[in-house]
There are 2 protein chains.
Amino acid sequence: MKDSTGISMSVIRRLPRYYQYLTDLSNNGIERISSSELAEKMGLTASQIRQDFNCFGGFGLQGYGYNTAQLANALAGILGLDSDFSAILIGAGNLGKAVAAHLFSEQNGFRLIAVFDSDKKLEGKKVGKFSILHMDALEDFCKQNKPVTAVLCVPDNAAKEVALKLDSLGVKSFWNFSHFDISSILPNSRVENVHLKDSLMTLCFLIKSDMGKN
Amino acid sequence: MKDSTGISMSVIRRLPRYYQYLTDLSNNGIERISSSELAEKMGLTASQIRQDFNCFGGFGLQGYGYNTAQLANALAGILGLDSDFSAILIGAGNLGKAVAAHLFSEQNGFRLIAVFDSDKKLEGKKVGKFSILHMDALEDFCKQNKPVTAVLCVPDNAAKEVALKLDSLGVKSFWNFSHFDISSILPNSRVENVHLKDSLMTLCFLIKSDMGKN
DNA sequence: TAGATTGTTAATCGATTAACAATC
DNA sequence: TAGATTGTTAATCGATTAACAATC
């Protein structure tokens, strides 16, 4: 399956990993790496790595390999990590707080601009540098600030209503931590799902399978 | 790529979604569904769904379709959600607390049995029904209780040490929320990664691509 | 230059889709 | 029985791997 850029989703999903590996290498003073060395480290094949990079242009040098810093930088550009997409967080529970603290502290292409919660008791409390706003303030806020993305850390049963509301206010991309299937009601929005339950169930299956072997 | 059971990973990763869709349908009083109706709902093809289910046996009835409750139940069995794998949580920050509260409250194949943190100040504080234990108590606890799985909600720079320690104490499966690549140091352990940063970067790329289109 | 390693094309493999006979 | 829909085999498609000429 290709995305709108013509790059296959399997390649796209490998880009962040490449970026992070190359950044680490560069930070550790390793200047160059060959596709086969990187393949070894990442558990891929050298062919695959060369194919992947060549979707975006020639970043290597024959007989030398790839310059880690340069390639990391190129990948940052490809991923758009220099972007400044405005994001609002809906749901200031433990999950929301963790996401705000760990994922929006660095240059990841997004800038968190507000935190909302439906609980009146949380209004005004702090999440990092943000004072929690009540959901009643959402409409005015969106009209004024036109956030690009919403991060949904709300309970499954609230997700549908919140997503529809945000869509009506012009938010067209979602980082969705709820189990609700936003794409089914908003087929034209961009939705990136983080389905923790799926991940845990998969682990369960695999552990069960592993045990069967022994 | 096949796992040890001979089932391809792409099929395995669809199982939790099937399970949840079918459970929802059943809970909403919908008794039967055809592969084409389910395909429509889930954004897959009917062929794919029939192929997937038939990896595990014939759950349908010609001319009728699939019984939702029965199939959900079969999938729960296949996934091993009736298991009772003991799990310990390492890291009682916001992320750890969220995971403890939301993912281990239901029948997901695991039972949380303890929560650890390296911060002495958190010792004795509660996470749900658990009193946080200090990491100093980890060794004795593992020797006595032999947990099957560890959930790593620790900072990236602590993950390596913690994973090696747990490995030495007999823990051979990990639900890893850190960015550290556990598999590279423990190739024989089962590791399920939740790489939130990758997910966010992917979203960044896709939003950027979408914008280019318009 | 010789050695190394890329970029790129061709071959293989696996996953998805299509088709249809089986059967409820 | 006729209609519907599965289970399953065959065809297609796409992703991964292998190979090698280009070139630093």
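Here the structure is a predicted model, which means the values were calculated and not measured. Chain naming here is simple, since letters A, B, ... match the order of the sequence lines and numbering starts at 1 in each. Heavy atoms only: backbone and side chains are in, while hydrogens, waters and symmetry mates are out.
Taken together, the paired segments of DNA chain D that extend over three or more consecutive Watson-Crick or G-U pairs, each closer than 3.5 Å at both contacts, are C:3-24 with D:3-24.
Side chain of B:K172 to main chain of B:V148: no donor-acceptor pair is present (N/O by atom type, distance under 3.5 Å, no hydrogens or angles). No side-chain donor-acceptor contact under 3.5 Å links A:N193 to the backbone of A:F177.
Counting only residues at least two apart or in different chains, ring-ring contact (aromatic ring centres under 6.0 Å, His included) contacts with residues 17-41 of chain B comprise B:Y18-B:F53.
Using a 4.5 Å heavy-atom threshold, the side chains of B:Q20 and A:H179 count as touching. Using a 4.5 Å heavy-atom threshold, the side chains of A:T23 and A:T68 count as separate.
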Donor-acceptor pairs under 3.5 angstrom involving side-chain atoms of residues 110-119 of chain A: please list them, not counting sequence neighbours.
| residue | atom | partner | partner atom | Å |
| --- | --- | --- | --- | --- |
| A:R111 | NE | A:D84 | OD1 | 3.0 |
| A:R111 | NE | A:D84 | OD2 | 3.1 |
| A:R111 | NH2 | A:D84 | OD2 | 3.0 |
| A:D117 | OD1 | A:D119 | N | 2.8 |
| A:D117 | OD2 | A:A92 | N | 2.7 |
| A:D119 | OD1 | A:K121 | N | 2.8 |

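Remark: nothing in residues 22-30 of chain B comes within less than 4.0 Å of DNA chain D through any heavy atom. For DNA chain D, the neighbouring residues in residues 60-79 of chain B, judged by any heavy atom under 4.0 Å, are B:G60, B:L61, B:Q62, B:G63, B:Y64, B:G65, B:Y66. DNA chain D is contacted by A:T45, A:S47, A:Q48, A:R50, A:Q51 of residues 45-52 of chain A, taking any non-hydrogen atom closer than 4.0 Å. Only B:S35, listed by number, bring a heavy atom of residues 35-44 of chain B to less than 4.0 angstrom from any atom of DNA chain D.
Between A:M9 atom CE and C:dA15 atom P the separation is 18 Å, expressed in whole Å. Between the C1' atom of D:dG7 and the CZ atom of B:F53 lies a distance of 13 Å, rounded to the nearest Å. The CZ atom of B:F56 sits 14 Å away from the P atom of D:dT8 (whole-angstrom rounding). The distance between atom CZ of B:R14 and atom C1' of C:dG14, rounded to the nearest whole Å, is 12 Å.
Summarising the local packing, NZ of A:K160 is surrounded by 12 or fewer heavy atoms from other residues, nucleotides or ligands at distances under 6.0 Å. Counted within 6.0 Å of CD on A:Q107, heavy atoms from surrounding residues, nucleotides or ligands total more than 12; the atom is thus considered enclosed.
Applying the salt bridge (charged side-chain N to carboxylate O under 4.0 Å, His left out) test to B:R13 and every residue at least two apart in sequence or in another chain returns B:E192. For A:R14, the salt bridge (charged side-chain N to carboxylate O under 4.0 Å, His left out) partners are A:D52, not counting sequence neighbours. Scored by the salt bridge (charged side-chain N to carboxylate O under 4.0 Å, His left out) test, A:K129 finds no partners at all (sequence neighbours excluded). Applying the salt bridge (charged side-chain N to carboxylate O under 4.0 Å, His left out) rule to A:E106 yields the partners B:K197; only residues at least two apart in sequence or on another chain are considered. Shown here are the side-chain hydrogen bond (donor to acceptor under 3.5 Å, both in side chains) partners of A:S36, two or more places apart in sequence or in another chain: A:S34.
Contact detail for B:K146 and B:S86: the closest heavy-atom pair is O-OG, 3.8 Å.
A cation-pi geometry, defined here as NZ or CZ lying under 6.0 Å from the six-membered ring centre and within 45° of its normal, holds between B:R32 and B:Y64.
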